[in-house]
There are 2 protein chains.
Amino acid sequence: MFSKTCEYAIRALIFIAQKTKDGDRIGIKEIAKGIDSPEHFIAKILQDLSKKGILQSAKGPTGGFYLDKASRKQSLASIVRAVDGDKIFQGCGLGLKQCSETKPCPIHHEFKKVRKDLLQILENAKVGALTDALENSMVFLKR
Amino acid sequence: MFSKTCEYAIRALIFIAQKTKDGDRIGIKEIAKGIDSPEHFIAKILQDLSKKGILQSAKGPTGGFYLDKASRKQSLASIVRAVDGDKIFQGCGLGLKQCSETKPCPIHHEFKKVRKDLLQILENAKVGALTDALENSMVFLKR
DNA sequence: GAAAATTATGTTTTCAAAGACTTGTGAATA
DNA sequence: TATTCACAAGTCTTTGAAAACATAATTTTC
Ligand code: FES
Ligand code: FES
């Protein structure tokens with residue numbers, strides 16, 4: 001569904017949101033452990049995303065990654081868009097060059113609904129809102 | 001969503017279904033043109049699938065690919081399973097090693113619904129049933 | 001013997017991951 | 001106050017594997 005890169009990115013962002021509620025910062029090593037991802041790989045992903053303003057970072061001692069107020073209100077959809085683009089939200093399910101209402105593929109009408117549902121889920125899921133469930137161990141970022 | 005391989009496979013199967021309604025057979029070159037795919041690539045895909053019994057083939061002059069009665073009743077879901085496996089139907093949306101009800105990821109409950117809808121669409125779409133819409137130019141396999 | 005799928009093999013591109021090196025920054029220290 | 005030092009992100013390069021696509025030889029069957 002999503003690329004590996006994108007999966008790691010979402011997990012990481014939620015993890016960071018939980019760990020930096022009180023203005024703390026968190027290092028790359030701890031993030032990698034916390035979401036069970038390759039350290040160098042997630043490092044690169046987060047660096048790209050911080051350039052794009054999806055999350056914040058600080059160098060030096062006491063440095064690390066964190067999320068400001070605005071970033072916390074962000075939806076998972078915007079993360080997906082930043083990483084994988086919007087192919088998943090707009091592209092044709094059967095790989096036609098362009099999804100089109102007037103020249104649809106055989107599953108266009110049904111597929112459109114799935115895409116829309118998926119988009120809605122991701123739009124509604126705000127990064128900062130998922131931390132409570134995490135702390136109560138109702139959901140997990142690794143297993 | 002699906003792999004390129006899988007997209008080609010679905011398009012090809014629907015195309016073959018339409019072109020071999022009356023016991024005809026159709027060659028690889030015509031298929032490649034009909035669905036706008038790389039000729040050698042789709043050839044390999046179809047050969048794999050014919051080994052698995054998803055479609056039928058015959059060598060020699062007047063040979064080609066075709067679909068028997070049973071294959072026509074097949075759903076798109078079984079094609080997807082044969083090509084991409086059932087990761088898309090069962091795997092965790094955030095890439096956890098295993099999707100689980102007891103240790104779910106943050107979007108598990110919502111995501112499950114999307115997966116289920118997708119599965120249903122693909123189960124309901126039978127290869128042989130899509131040919132009419134194709135012939136009436138209500139749907140397309142390339143553009 | 002010609003037309004078709006089949007098999008085997010090779011190339012290119014993309015994705016995932018790892019490693020080494022660089023830059024910036026806060027804090028200790030002289 | 002200026003210097004140094006250690007820490008942590010940032011950048012660049014390389015490796016590995018899989019997916020996507022291409023070429024050539026082979027087999028089957030009419
Ligand atoms: S044309 Fe295929 S999903 Fe819209
Ligand atoms: S655990 Fe992530 S989708 Fe079920």
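Below, chain A is the first sequence line, B the second, and so on; all start at residue 1.
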* With side chain to side chain donor-acceptor pair (under 3.5 Å) as the test, would you mind laying out the steps for A:T131 and A:R72 before giving the verdict? => CA-CA 10 Å; A:T131 57; A:R72 261 164 213 288; 5.9 Å; no
* Full working for side-chain contact (heavy atoms from CB on, under 4.5 Å) between A:F65 and A:I31 -> CA-CA 9 Å; A:F65 293 91; A:I31 296 171; 4.1 Å; yes
Any N/O pairs under 3.5 Å between the protein and nucleotides 26-30 of chain D? List them or say none.
{"unit_1": "D:dT28", "atom_1": "O4'", "unit_2": "B:K59", "atom_2": "NZ", "d": "3.4"}

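Here A:E101 pairs with A:H108, A:K112 under the side-chain hydrogen bond (donor to acceptor under 3.5 Å, both in side chains) rule; sequence neighbours left out.
Other residues, nucleotides and ligands contribute at most 12 non-hydrogen atoms within 6.0 Å of the NZ atom of B:K33.
Atom pair B:Y66:OH and C:dA4:P shows a separation of 16 Å (rounding to whole Å applied). The CG atom of B:D48 sits 15 Å away from the P atom of C:dA5 (whole-angstrom rounding). Regarding B:K51, its NZ atom lies at a distance of 12 Å from the C1' atom of C:dA5, rounded to whole Å.
Listed pair B:Y8 / D:dC21 meets the phosphate criterion, a side-chain N or O lying under 4.0 Å from OP1 or OP2. Note on B:S57: every side-chain N or O is 4.0 Å or more away from OP1 and OP2 of C:dA4.
The stretch residues 11-47 of chain B touches DNA chain D through B:P38, B:H40, B:F41, each having a heavy atom within less than 4.0 Å of the strand.
Side-chain atoms of B:D68 do not come within 3.5 Å of backbone N or O of B:Q56 as any donor-acceptor pair. In terms of modelled atom types and a separation under 3.5 Å, the side chain of B:S78 and the main chain of B:Q74 share no donor-acceptor contact.
Distance CZ/A:R81 to CG/A:D86: 6.5 Å, rounded to 0.5 Å.
Cluster annotation: A:F15 is connected to A:I45 through the hydrophobic network of ILVMFWY side chains, with a link wherever side-chain heavy atoms come within less than 4.5 Å.
Taking every side-chain heavy atom of A:S50 into account, D:dG10 is the closest of C:dT6, D:dA20, D:dG10.
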